[in-house]
Amino acid sequence: MWESLEGYLRPGSEEERLAAEIDTARLPRHVAVIMDGNGRWAGQRGLARIEGHKAGSESVREATETCARLGVSYLTLYAFSKENWKRPRQEVVRLWGLLRTYLRKDGRTLDENGLRFRVIGDRDGIPRTAMAEVERLEKRTAANGRMTLVLALNYGGRAEILEAVRRILKGGKVRSGDLDEDLFASFLSTVGLPDPDLLIRTSGEMRVSNFLLWQIAYTELWVTPVLWPDFQRKDLLQAVVDYQKRDRRFGDVQSRPGEKG
Ligand code: FPP
């Protein structure tokens with residue numbers, strides 16, 4: 001059972017030093033990650049791209065456990081975008097194979113540690129076999145209340161917003177004067193999730209790549225040159241330490257109580 005970070009971090013290491021710097025009363029409630037650089041990681045080693053995705057799966061496991069032990073409430077990982085379908089067919093097929101294996105094999109660990117699992121994205125376009133695993137795992141973990149692990153699968157931010165507009169128009173029940181931000185957000189696939197406090201992007205690219213466009217309006221961005229398969233506990237802890245130094249004003253002139261670093 002994953003308890004706290006105690007006993008999980010290497011004694012005397014940088015990760016332990018970073019963990020000691022974190023104020024657990026001001027953790028980011030929701031951390032989102034654009035996991036980038038798998039292909040480059042593989043290329044640098046003369047390996048096929050899928051090997052980078054496999055190594056990236058290990059980083060997924062480590063980041064999940066670290067966030068759960070730290071006390072983060074929501075972790076959202078961008079695993080497959082709507083644009084990823086443009087990749088060579090062999091990579092797409094093998095990536096979905098990897099995702100299916102993860103859903104089948106890691107479900108038990110997630111459940112045993114009290115994590116809730118959820119998928120955001122366009123479910124209709126998710127391959128049927130993977131979707132069956134998604135539904136099984138969502139059902140199995142539905143009553144868990146520790147951290148929610150959200151996988152973005154076949155996800156695109158613009159598509160999500162368009163779909164929300166379509167559903168509002170099709171339903172014909174929302175009057176324009178009643179449509180505010182909260183009501184609109186309830187039509188997005190992230191309904192019920194708080195907006196991310198911290199968005200991590202690996203591999204150094206300064207882009208949001210169509211991820212959670214509505215939801216990251218006031219999210220703190222943290223970019224590291226580290227490629228996703230090399231992303232370790234210390235990198236995650238460093239992101240949280242830096243997040244706690246940020247001054248979050250949400251357009252106001254003053255920080256919100258408890259949110260100034
Ligand atoms: C971006 O790297 C990464 C992806 C498109 C896929 C992310 C998938 C994983 C981390 C592994 C499987 C996920 C889970 C949840 C088990 P890239 O291929 O674009 O890298 P590049 O920019 O260096 O080419």
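For the pair Gln215 and Pro196, the minimum side-chain heavy-atom distance is below 4.5 Å. Side-chain contact check for Thr224 versus Phe231: some heavy-atom pair is nearer than 4.5 Å. Contact check for Ile34 versus Thr202: no side-chain heavy atoms found under the 4.5 Å cut-off. Between Thr64 and Leu115 there is a side-chain heavy-atom pair separated by less than 4.5 Å. Residues Leu237 and Ile22 have side chains in contact (heavy-atom distance under 4.5 Å, counting atoms from C-beta outward). You'll find the side chain of Thr109 reaches within 4.5 Å of the side chain of Trp2, heavy atoms only. Looking only at side-chain heavy atoms (C-beta outward), Arg29 and Tyr74 come within less than 4.5 Å of each other. For the pair Val208/Leu213, a side-chain contact is recorded, criterion being any heavy-atom separation below 4.5 Å from C-beta on.
Contact between Ala32 and Leu212 at its shortest, heavy atoms only, is CB-CD1, 4.0 Å. Of all heavy-atom pairs spanning Val223 and Met206, the tightest one is CG2-SD, 3.9 Å. Taking both residues in full, the closest heavy atoms of Leu137 and Thr141 are given as O-OG1, 2.8 Å, listed atom of the first, atom of the second, then distance. Residues Leu188 and Ile161 share a closest heavy-atom pair of CD2-CA, 4.1 Å. Considering every non-hydrogen atom in both Val31 and Val72, the closest pair reads CG2-CG1, 4.0 Å. Closest heavy-atom contact between Gly52 and Pro229: O-CG, 3.6 Å.
We find the CG-OG1 distance between Asp195 and Thr219 to be 6.0 Å, quoted to the nearest 0.5 Å. The CG atom of Leu151 sits 6.5 Å away from the CG atom of Leu103 when rounded to the nearest 0.5 Å. Rounding to the nearest 0.5 angstrom, the gap separating the CG atom in Leu149 from the OG1 atom in Thr76 is 8.0 Å. Summarising the geometry, atom CG belonging to Asn113 is positioned 7.0 Å from atom CD belonging to Glu65; distances are rounded to the nearest 0.5 Å. For the atom pair CG (Leu77) and CG (Leu153), the distance works out to 10.0 Å, reported to the nearest 0.5 Å. Asp106 contributes atom CG, which lies 11.5 Å from atom CD of Glu133 (distance to the nearest 0.5 angstrom).
Counting only distance, with no hydrogens or angles, the side chain of Glu62 and the backbone of Arg233 share a donor-acceptor pair below 3.5 Å. Judged by distance alone, the side chain of Ser57 and the main-chain N or O of His53 form a donor-acceptor pair under 3.5 Å. Here the side chain of Asp36 pairs no donor or acceptor atom with the backbone of Ser203 at under 3.5 angstrom. No donor-acceptor distance shorter than 3.5 angstrom exists from the side chain of Glu51 to the backbone of Leu47, with no hydrogens or angles considered. Judged by distance alone, with hydrogens and angles left aside, the side-chain atoms of Gln244 form a donor-acceptor pair with the main-chain N or O of Arg26 at under 3.5 Å. Between the side chain of Arg246 and the main chain of Leu221, a donor-acceptor pair closer than 3.5 Å is present. Asn144 contributes no side-chain N or O that, together with a main-chain N or O of Arg116, makes up a donor-acceptor pair within less than 3.5 Å. For Asp122 (side chain) and Asp124 (main-chain N/O), a donor-acceptor pair under 3.5 Å exists by modelled atom type. Remark: the backbone N or O of Arg158 is paired with a side-chain donor or acceptor of Asn210 at under 3.5 angstrom. Asp235 contributes a side-chain N or O that, together with a main-chain N or O of Gln232, makes up a donor-acceptor pair within less than 3.5 Å.
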For Leu95 and Phe80, run side-chain contact (heavy atoms from CB on, under 4.5 Å): C-alpha distance rounded to whole Å, both residues' side-chain angles, the deciding distance at 0.1 Å, then the answer.
CA-CA 9 Å; Leu95 191 45; Phe80 196 94; 3.8 Å; yes
If you apply the rule side-chain contact (heavy atoms from CB on, under 4.5 Å), what do you find for Arg17 with Lys234, and how did you get there?
CA-CA 9 Å; Arg17 180 188 62 75; Lys234 69 173 163 55; over 6 Å; no
Evaluate the criterion side-chain contact (heavy atoms from CB on, under 4.5 Å) for residue pair Trp214 and Thr190; output intermediate values, then yes/no.
CA-CA 10 Å; Trp214 172 273; Thr190 49; 6.0 Å; no
Working for side-chain hydrogen bond (donor to acceptor under 3.5 Å, both in side chains), residues Trp222 and Asp242
CA-CA 8 Å; Trp222 191 86; Asp242 291 349; 2.9 Å; yes
Begin with the C-alpha distance, continue with both residues' side-chain angles, and end with the deciding distance and a verdict on side-chain contact (heavy atoms from CB on, under 4.5 Å) for Leu75 and Thr148.
CA-CA 6 Å; Leu75 173 65; Thr148 300; over 6 Å; no
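Clustering ILVMFWY residues whenever any of their side-chain heavy atoms sit less than 4.5 angstrom apart, transitively, puts Val134 in the very cluster that holds Leu110. With hydrophobic clusters built from ILVMFWY side chains whose heavy atoms lie under 4.5 angstrom apart, Leu179 shares a cluster with Leu169. Both Met35 and Val240 are assigned to one and the same hydrophobic cluster, defined by single-linkage of ILVMFWY side chains at heavy-atom distances under 4.5 Å. Placement of Leu227 and Ile200 in two distinct hydrophobic clusters is found when ILVMFWY residues are connected by side-chain heavy-atom separations under 4.5 Å, directly or transitively. Under a hydrophobic clustering in which Ile, Leu, Val, Met, Phe, Trp and Tyr are joined whenever their side-chain heavy atoms come within less than 4.5 Å, directly or via other members, Leu199 and Leu70 fall into different clusters.
Arg140 has no carboxylate O lying under 4.0 Å from a charged side-chain N of Glu135, or vice versa, which leaves the two without a salt bridge. Salt-bridge check for Arg248 with Glu220: passed, with a basic side-chain N closer than 4.0 Å to an acidic carboxylate O. Ionic pairing of Glu83 and Lys86 is not present here: no N-O contact between side-chain nitrogen and carboxylate oxygen is shorter than 4.0 angstrom. With respect to Arg49 and Glu91, a salt bridge is recorded, a charged nitrogen being found less than 4.0 Å from a carboxylate O. A salt bridge links Arg123 with Glu138: the closest approach of a Lys/Arg side-chain nitrogen to an acidic carboxylate oxygen falls below 4.0 angstrom. Salt bridge status for Asp111 with Arg108: absent, with no side-chain N to carboxylate O gap under 4.0 Å. The existence of a salt bridge linking Arg10 and Glu15 is confirmed by a sub-4.0 Å separation between a basic side-chain nitrogen and an acidic carboxylate oxygen.
Contacts classified as side chain to side chain donor-acceptor pair (under 3.5 Å) and involving residues 176-189 (residues at least two apart or in different chains) are given here: Glu160-Ser189.
Using a 3.5 Å distance cut-off with no hydrogens or angles, the side chains of Arg201 and Ser209 do pair a donor with an acceptor. Trp85 and Asn154 share a side-chain donor-acceptor pair at under 3.5 Å. Checked by atom type, the side-chain pair Ser73/His30 shows no donor-acceptor distance below 3.5 Å.
With sequence neighbours excluded, the residues forming a side chain to side chain donor-acceptor pair (under 3.5 Å) with Arg166 are Glu163, listed by chain and number.
A cation-pi arrangement, defined by a distance under 6.0 Å to the six-membered ring centre and an angle within 45 degrees of its axis, is present between Arg69 and Tyr8. For the pair Arg94 and Trp96, the cation does not sit on the ring face, since its NZ or CZ is not both under 6.0 Å from the ring centre and inside 45° of the axis.
Between Phe211 and Tyr78, the ring-plane angle classifies as parallel under the 30° and 60° cut-offs.
Within 6.0 Å of the CD atom in Gln90, the count of heavy atoms belonging to other residues, nucleotides or ligands does not exceed 12.
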